[in-house]
Amino acid sequence: MNLGALFFSRLLFSLAIAALILATDGAQAQQPQQQACAEDFQKLTQKRMAAIEKLNALGKAGKGKMDPMAACPVAKALGGVETEMLNYMTKNKEWCNIPENVIEGFKDARTKSQGFAKQACDVAAKMKKMQEEGAAGGGMGAPPRLPSGPL
């Protein structure tokens, strides 16, 4: 599975969104709710970055090709964190002063991440099925047995 620049540009875009939310002006940053929002969002961002770093490491280890079996659970975890972030942003839109365009941009980035996760997991499932068929002796996985003994 080849990692495209689009996937990483979307991830960088959503990081910029996180920075925008956390970069409130000085007066707002002093308010307790703004501090609470920034702290909560920072925790979610750290969880998200951990998943992104794992995906990046998988891509580097495969020299630009990612093992779908290894990427699937990490991509699913990323999708879960992004869903958690989106729910937080939507629920606390007014409280945290989150602009609607930021939420919409994050929705788009999350959709791209979920598409990547689906693709990785679909390929991983196909690979697993082929491995199981090969181990069972069916399909193209097992070569035919050659006759033994003198001819």
Side chains of Ile103 and Thr90 in contact at under 4.5 Å (non-hydrogen atoms): yes
Side-chain heavy atoms of Lys128 within contact of Glu132, under 4.5 Å: yes
Asn92 vs Phe41 side-chain heavy atoms within contact, under 4.5 Å: no
Criterion side-chain contact (heavy atoms from CB on, under 4.5 Å) on Lys43 and Tyr88, from CA distance to verdict: CA-CA 12 Å; Lys43 290 175 187 172; Tyr88 181 88; over 6 Å; no
Under-4.0 Å salt bridge between Glu84 and Arg48: no
Minimum heavy-atom distance Lys76-Ala117, with the two atoms named: N-CB, 4.1 Å
Evaluation steps, side-chain contact (heavy atoms from CB on, under 4.5 Å), between Leu78 and Lys54: CA-CA 10 Å; Leu78 175 61; Lys54 286 180 185 177; over 6 Å; no
Distance in Å, Cys96 SG paired with Lys91 NZ, rounded so as to fall on 0.5 Å steps: 10.5 Å
Over all atoms of both residues, closest heavy-atom pair of Pro68 and Met127: CG-SD, 3.8 Å
Residue list, salt bridge (charged side-chain N to carboxylate O under 4.0 Å, His left out) with Lys118, at least two apart or on another chain: Asp122
Spatial distance of atom CD (Glu82) from atom NZ (Lys107) [nearest 0.5 Å]: 14.0 Å
Spacing of Gln42 atom CD and Met49 atom CE [to the nearest 0.5 Å]: 12.5 Å
Straight-line distance of Gln131 CD to Met69 CE, nearest 0.5 Å: 4.5 Å
Exercise: identify the closest heavy-atom pair between Phe106 and Leu86: CE2-N, 4.0 Å
